[in-house]
Every structure is written in structure tokens, then in C-alpha cells.
Amino acid sequence: MGEDKSALVFRDGLTQKKRGIKLLESVCDKVYISTREDTGAENTIIDAFGEIGPLGAIASAQHAQPDSSWLVLACDLPLLDESHLQQLVNSRDDSHEATYFASATDGFPEPLCTIWEPSSGTIVRAAVDAGKRCPRSVLKNLNGHALPSPGLWPLANINTEADALEIRARLNQSTTVKKITVTYFAQLRELTGTGSESIETDSETPAGVFEEIRAKYSIPLKRKGMMVAVNGDFTDWTHPLAEGEEVVFIPPVAGG
Amino acid sequence: MSFKLSDTPIDPRALCDEVRDPSAGGFASFEGWVRNHHQGLDVASLEYEAFPALAEKEGQRIVEEICKKYAIVSARCVHRTGHLQIGEIAICIAVSAAHRDAAFDACRAIIDSIKSTVPIWKKEHYTDGTSVWVKCHACAEHGH
């Protein structure tokens, strides 16, 4: 998005950072904010292993308090509610190294709404030291306790303008159901097992439809690097979908 | 100026004749052939699939835009679809211009541009019986 997602306001008049703190306070003894550098603010966990992203932040928290269990929450999940965190905490099983929700898309762990137990510390730190950067890959290899996915949207994060449009439409309850046609070519035709299908969707943009399709068929492709066409012409992922439109998702092309 | 898809073998000589013109003193062409290896793997054949309507529209746009930029007399581009064997022509571009520089430059610009945006995909079939949609593995690598 090119901006600090924790400063965005989606609901309750609170920034995502303030809302996240409020949600976590309902289920945790104490709440800390992960930061890259020392801002002088209280209750922060400063990255101790360089700017290597969320896995470094998790390792930093575990390094600061090795005996604590950490509920790690991303700051860009506006549709997540207290009920989801309650479910995570109530279902927690500390005989496992982590408790998490499975992704609606592929069933793999959602690492940034996860309870990381102290017993995961050694493996997390070893991964960081080995140059790994992906918390999801680390979580996949832990002895984790997986909860069923809460659905596509509660754990939807904001990476693009289209994500923000979909999330705001759901928060405003302004989504409308429409019937559209989705046509598939090449690998998408093979992965979906169909050339074309008519679907009813409450997504506002092709981006939302693609997330639904990914979840429905476990498609291992992301929107990044892909293009989309509506009614036979290239368009943006933010295109406002209307009844009867024809959508084609275009994975990286390989002509010539 | 035209871009077309073809599900039958391409005749490069015919394309050359189509761009022939009394005002053209230079002709350049490019043919892309099906090769028997890719990134260390033994390729047995290639399968091309297009989103036909948009591929032809986008291909046409590219050919017209580049012809305008390089003062081209005439240009044709044909891209195959379907299952191709080693040595077959996957794409053929024929360009005529008053002088050689424009013909060479336009030919190169057309192939580069077509590879980047025209919705055509290729599946490589390897000699060991496996197959993969090219680039699909690269984008699936971080598919989470």
C-alpha cells in the first residue's frame, strides 16, 4: 500500500494499531507493539535481529520474554473481531508449539493471528539464524494446533487498494450479490477443472472474486504479477463489478 | 499491420510476401522455434493456449503501436496455439520498412512486447513425462 497500515482507520474511529491493542487487551495480560527501531514508546518490542519482517519480530518477542506465550496479531486485519481472538484463546492447546487458524485459501497456518508458545522459541530462533524470513513456513513445520478457518474475510489483510475496497464494503455492509461469469484458461482451467462458470458473488471487485476462487479450488497463485480482464478488456483489480460481467484472471503470460 | 493466432502451422514465406511493398527497402523477420531444452530440462513438446479475443486485440494494439513508432511499411505477426513439436514455429514476425534499422528495431520491439502482455500461456512437456505451465512454478513459489 506504500503507507503505514497500522495508521489506517477502518472501524470504530480507531487506527488499526489502536484497535489491535484494544482487541488484544480483551484476551491478553499485556500488549506490546513490535517496532523496527526504538521509538521511546512504552511496551514495545524492538526488532533484535535486524529488519527482517514479522518472523524477526516474533523471535524478538520470544527473546525478550522466553517464558511467555505470545499471541501475535498483524495490524492489517480490519474484519477480525474479538470473537475470533476469544476462539483462539479458548481453543489453545499449550501441549502444542502454536495454536492458529488454518487459511481459508489453502489450509496452511495464518501466522499473524497465532499463539506462539515458549516451546516454539528454539525453532523460531534457528529459522531466523538460518536466514529464513517466512513465518508461515516456520509455523508449518511446528507441532501446531490448527483451528478451522473462520472463513475468507476475518483474516483478510490489506495489501492493495482493492483489498481495502472489499474490506470497507463488508464493514459498511454495502456489498451486493451479483451473478457473473468467470472464464479460465491454461493453468487456471486445469486447476478449476472447468473452462467457465457462472458464480454468485458479494465481492465488489475482481480481487475479491479471485480470493473466493482461490479458496474454492486451492489455487496456489497470488494476484501479484497477474492481470485481470472484464468484458474482454484489461482492467484494474479495483474495477467495480456489475451484474452479468465476464471476468478472466490472467496469470503471468508466456507467449513467444 | 496485423496480429493473428493460428492453430495450424505458420508459413513464414507467405508472411514475407504479405509485407512486400514497392516502398520497402528493408525486411526483417523473427521466428520463435520450439526448443528441446529449458533451464536444464529436456523438453519434448510445447502446448500454447490463448485467451483468443483479448490476445488478438492486445497483439494488434502492440503491432500497430510499434509500427507507428518505427515508420514501418507493413508488419504481420502470427502466434501458434495448440500442441507443437520440437522445431515447429511458435511465433513469426515479418516487418518491412524503407530502411533496415527500422525493420530490425520494430521486429525486436514486437517480440519483446508480445512476450510481456499478450495473454498466451505455454505448457512444457518434458521427456520424462512431466509437464508444467511456464512461469506458473515461479509465481506459485511464494503462493501464500
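Reminder, nothing fancy here: chain letters follow the sequence lines and each chain counts from 1.
- Heavy atoms of other residues, nucleotides or ligands lying less than 6.0 angstrom from CZ of A:Arg133 number more than 12.
- Of all heavy-atom pairs spanning A:Val253 and B:Thr117, the tightest one is CG2-N, 4.0 Å.
- Across B:Leu54 and A:Gly232, no two heavy atoms sit closer than the pair CD1-O, 3.2 Å.
- With a 4.5 Å cut-off on non-hydrogen atoms, B:Lys115 touches chain A through its backbone and its side chain both.
- For B:Phe104, the CZ atom sits in a loose shell: 12 or fewer heavy atoms of surrounding residues, nucleotides or ligands are nearer than 6.0 Å.
- No more than 12 heavy atoms of other residues, nucleotides or ligands lie within 6.0 Å of NZ in A:Lys132, so this atom counts as exposed by the packing criterion.
- Neither the backbone nor the side chain of B:Ala55 comes within contact range of chain A; no heavy atom of the residue lies under 4.5 Å from a heavy atom of that chain.
- To the nearest 0.5 Å, atom CH2 of residue B:Trp121 and atom CG of residue A:Leu188 are 8.0 Å apart.
- Under the 3.5 Å distance criterion, the side-chain polar atoms of B:Tyr48 are matched with a main-chain donor or acceptor of A:Gly256.
- Contact of A:Met227 with chain B is made through the side chain alone, with heavy-atom distances under 4.5 Å.
- For a residue to count as touching a neighbouring chain, one of its non-hydrogen atoms must lie under 4.5 Å from one of that chain's; by this rule B:Ile91 touches chain A with the side chain only.
- With a 4.5 Å cut-off on non-hydrogen atoms, B:Lys122 touches chain A through its backbone and its side chain both.
- Considering A:Phe249, A:Phe234, A:Phe185 as possible partners of B:Phe51, the one that fulfils the ring pair (Phe, Tyr, Trp, His ring centres under 6.0 Å) test is A:Phe185.
- Heavy-atom contacts from other residues, nucleotides or ligands closer than 6.0 Å to CZ of A:Arg189 number more than 12.
- Within 6.0 Å of atom NE2 in B:His83, more than 12 heavy atoms from other residues, nucleotides or ligands are found, so the atom counts as buried in its surroundings.
- Dense packing is recorded around CZ of B:Arg61, with more than 12 heavy atoms of other residues, nucleotides or ligands lying under 6.0 Å away.
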